[in-house]
Amino acid sequence: MSGPDLTEIVGTDHVLTSPDLVAAYVTDWTGRYRGDARAVVRPQTVDQVSSILHACNIAGIDVVPQGGNTGLVGGSVPAPGSGAVVLSLTRLNSMGPIDPATGQVTVGAGVTLSALHAHAHAAGWSFGVDLAARDSATIGGMVATNAGGIHVVGNGMMRKQVLGLEAVLATGEVIRSMSGLAKNNTGYDLTQLLCGSEGTLGVITEVSLQLIRPRDTELILAGCDSVAAALKIASRFAGRLAAAEIMDRSGIESVSRVIGIAVPFPTSFHVLVEVTGGVSADSLEDLEHVTLAMDARDRENYWALRERITEAMAAEGTGVSHKLDISVPLADLDTVYREITAYLDQPGVRDVVLFGHLMDGNFHVFFTTDADGSVEQALDTAVLELVAVHGGSISAEHGVGHMKADHLHLSRSAAEIASMRGIKAALDPEGILNPGVLLPK
Ligand code: FAD
Ligand code: MLT
Ligand code: ZN
């Protein structure tokens with residue numbers, strides 16, 4: 001293999017080139033994006049990351065940063081024929097002590113979300129972001145995609161938990177904003193700039209995070225027959241919501257079939273609402289279909305109905321399954337649901353399932369189309385254009401990746417895209433970091 005000898009930096013065990021070892025790193029979680037890499041390189045320190053990037057930058061070799069490879073927009077794998085290096089950050093998995101006075105902790109980019117949750121809980125703290133891919137998703141990947149998950153309504157997205165970070169730029173230079181200072185108003189916020197940059201501006205190697213104190217919550221499962229009714233149920237707890245999720249009937253029926261738990265209510269929608277500060281009986285008395293989780297088993301079953309939809313749809317996939325991740329203003333959510341499900345009448349469309357983070361205005365839209373995939377592109381464009389008409393976003397929480405780069409103009413202005421290109425050119429002048437991701441070619 002021509003180009004720099006990266007084994008000198010990380011050792012032969014951590015430069016993978018044989019196809020069987022590389023395979024898992026070049027196909028994304030959905031299976032929709034498959035590329036190839038000249039090598040997978042697995043550094044263990046920031047100095048090794050710096051040396052690798054420096055060498056690749058000089059040689060003009062593309063680098064695809066990768067964490068848990070659970071991304072859903074094709075941003076974590078190289079394009080076919082790219083000759084890129086996949087830079088796996090999973091070995092940067094150290095976790096520092098939790099400061100008992102402030103609840104701050106510094107962790108390596110390769111630490112998984114579930115490892116961080118366990119670390120926080122052991123010290124009487126909690127981490128504000130949670131999502132179903134918790135056993136594989138890494139903190140570096142979650143910062144790079146500004147991940148959302150089930151607790152955004154209560155705790156905000158990933159960027160809100162980030163106090164500072166260390167990253168390596170394409171040239172190999174290391175930047176660190178880990179002072180721990182509560183206040184430091186000295187120029188552009190490079191930490192926040194890298195949140196959501198999807199591996200295109202720098203490789204995140206360490207992150208300083210703010211933990212939160214665990215709170216007692218009640219978990220309500222309710223049934224209703226419209227998105228507007230679902231919003232009414234959740235909004236009555238506004239200001240005390242830890243989570244508010246919606247599942248339409250076809251999604252929950254799929255989970256019921258695949259994992260064998262009964263569908264609780266005969267309604268078109270189920271709503272899962274997690275509330276702090278207690279739930280009074282009279283706050284639910286107008287609801288015909290409602291129940292409160294009485295124990296851990298109830299909680300596990302109720303969350304399974306929501307978190308296992310993706311898995312169930314994949315297991316039952318009878319055609320080409322394809323997912324969008326959109327958000328619109330809450331006032332438009334009911335209308336947008338009806339407009340999207342109307343596509344079910346289109347030839348070639350077999351199923352449309354919507355579920356997601358209700359009070360974030362965020363639907364995950366799962367289409368199953370005829371196996372030839374002929375309608376997929378047209379359907380994507382139609383739905384993303386519909387979302388744009390409602391002032392929504394073509395990507396609520398999963399990022400842009402390769403998947404939506406060509407639709408970026410539907411959510412960002414020409415001036416904004418030009419500004420993003422300027423920033424990219426300044427930080428990655430040779431354009432080696434994740435080319436084709438986020439910014440349209
Ligand atoms: P990867 O997939 O490895 O990479 C994602 C992007 O980040 C790529 O562009 C990659 O280049 C870049 N990247 C990775 N590590 C670094 C780094 N150290 N430095 C710079 N760039 C880096 N997402 C949500 O937002 N909300 C959800 O509720 C949610 N639920 C999910 C449920 C399931 C079952 C699955 C499979 C995925 C889900 N996701 C969700 C998507 C995914 O888990 C998130 O996008 C997560 O942040 C990706 O983390 P990762 O470590 O797997 O990153
Ligand atoms: C979720 O909320 O379940 C995730 O964003 C993943 C998905 O869309 O499947
Ligand atoms: Zn989600």
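The first residue in the sequence is number 1, and the count goes up from there. Atoms within a ligand are numbered from 1 in the order they appear, just like the ligands themselves. Note that the coordinates shown come from a computational prediction; the quantities given were computed from them, not determined experimentally. Side chains are part of it too, since the values below use all heavy atoms of this structure and drop only hydrogens, waters and symmetry mates.
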Inset, instruction - Only counting residues at least two apart or in another chain, list the ones meeting salt bridge (charged side-chain N to carboxylate O under 4.0 Å, His left out) with Glu430. - result: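 Per chain and number, Glu430 pairs via salt bridge (charged side-chain N to carboxylate O under 4.0 Å, His left out) with no residue.
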
Legend entry - Side chain Glu198, main chain Gly401, donor-acceptor under 3.5 Å: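 Judged by distance alone, yes, a pair lies under 3.5 Å.
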
Inset, instruction - State which residue, out of Asp47, Val168, Leu165, fulfils the side-chain contact (heavy atoms from CB on, under 4.5 Å) condition with Thr205. - result: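 For Thr205, the side-chain contact (heavy atoms from CB on, under 4.5 Å) test succeeds with only one of Asp47, Val168, Leu165, which is Val168.
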
Legend entry - Environment of the Zn ion (ligand 3) in terms of protein N/O/S atoms, cut-off under 2.8 Å: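 N, O, S partners closer than 2.8 Å: His357 NE2, His364 NE2, Glu397 OE2.
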
Legend entry - Test item: Thr112 side-chain N/O and Ala137 main-chain N/O as donor-acceptor pair under 3.5 Å: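 Such a contact is absent between Thr112 side chain and Ala137 backbone.
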
Legend entry - Side-chain donor/acceptor of Asp334 to backbone N/O of Ala228, under 3.5 Å: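 Judged by distance alone, yes, a pair lies under 3.5 Å.
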
Inset, instruction - Give the ring-plane orientation class for His151 versus Trp303, where under 30° counts as parallel, over 60° as perpendicular and anything between as tilted. - result: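 Ring orientation of His151 relative to Trp303: perpendicular.
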
Inset, instruction - Compute the centroid of each ring, for Tyr337 and then for Phe269, and state whether the two points are separated by less than 6.0 Å. - result: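 Between Tyr337 and Phe269, the centre distance is under 6.0 Å.
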
Legend entry - Qualifying residue, where the test is side-chain contact (heavy atoms from CB on, under 4.5 Å) with Leu324 and the options are Val365, Leu379, Val387: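 Result: among Val365, Leu379, Val387, Val365 is the only option passing the side-chain contact (heavy atoms from CB on, under 4.5 Å) with Leu324.
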
Legend entry - Heavy-atom donor-acceptor pair, Asp351 side chain to Phe367 backbone, under 3.5 Å: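 Side chain of Asp351 to backbone of Phe367: no pair is present.
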
Inset, instruction - Please assess Glu311 against Arg308 for the test salt bridge (charged side-chain N to carboxylate O under 4.0 Å, His left out), listing each intermediate value before the final yes or no. - result: CA-CA 5 Å; Glu311 171 196 331; Arg308 310 274 300 264; 2.7 Å; yes

Legend entry - Check: Asn155 side chain, Gly128 main-chain N or O, donor-acceptor pair, under 3.5 Å: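 Such a contact is found between Asn155 side chain and Gly128 backbone.
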
Legend entry - Expected output: side-chain His364 to main-chain Val353 donor-acceptor under 3.5 Å: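 Side chain of His364 to backbone of Val353, a donor-acceptor pair under 3.5 Å: no, none is there.
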
Legend entry - Test item: Lys404 side-chain N/O and Ser395 main-chain N/O as donor-acceptor pair under 3.5 Å: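 Checking the backbone N and O of Ser395 against the side chain of Lys404, no donor-acceptor pair under 3.5 Å is found.
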
Legend entry - Near ligand 1, at a heavy-atom separation below 4.0 Å: residues by chain and residue number: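 Those residues closer than 4.0 Å to ligand 1 by some heavy atom are Trp29, Pro65, Gln66, Gly67, Gly68, Asn69, Thr70, Gly71, Leu72, Gly75, Ser76, Leu89, Ala109, Leu131, Ala132, Ala133, Ala137, Thr138, Gly140, Gly141, Met142, Ala144, Thr145, Ala147, Gly148, Gly149, Glu198, Gly199, Gly202, Val203, Ile204, His357, Glu397, His398, Asn434.
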
Legend entry - Per-ligand residue contacts, ligand 2, heavy-atom threshold under 4.0 Å: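 Lining ligand 2 at under 4.0 Å, by heavy atoms, one finds Leu72, Arg306, Thr310, Lys323, Phe355, His357, His364, Glu397, His398.
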
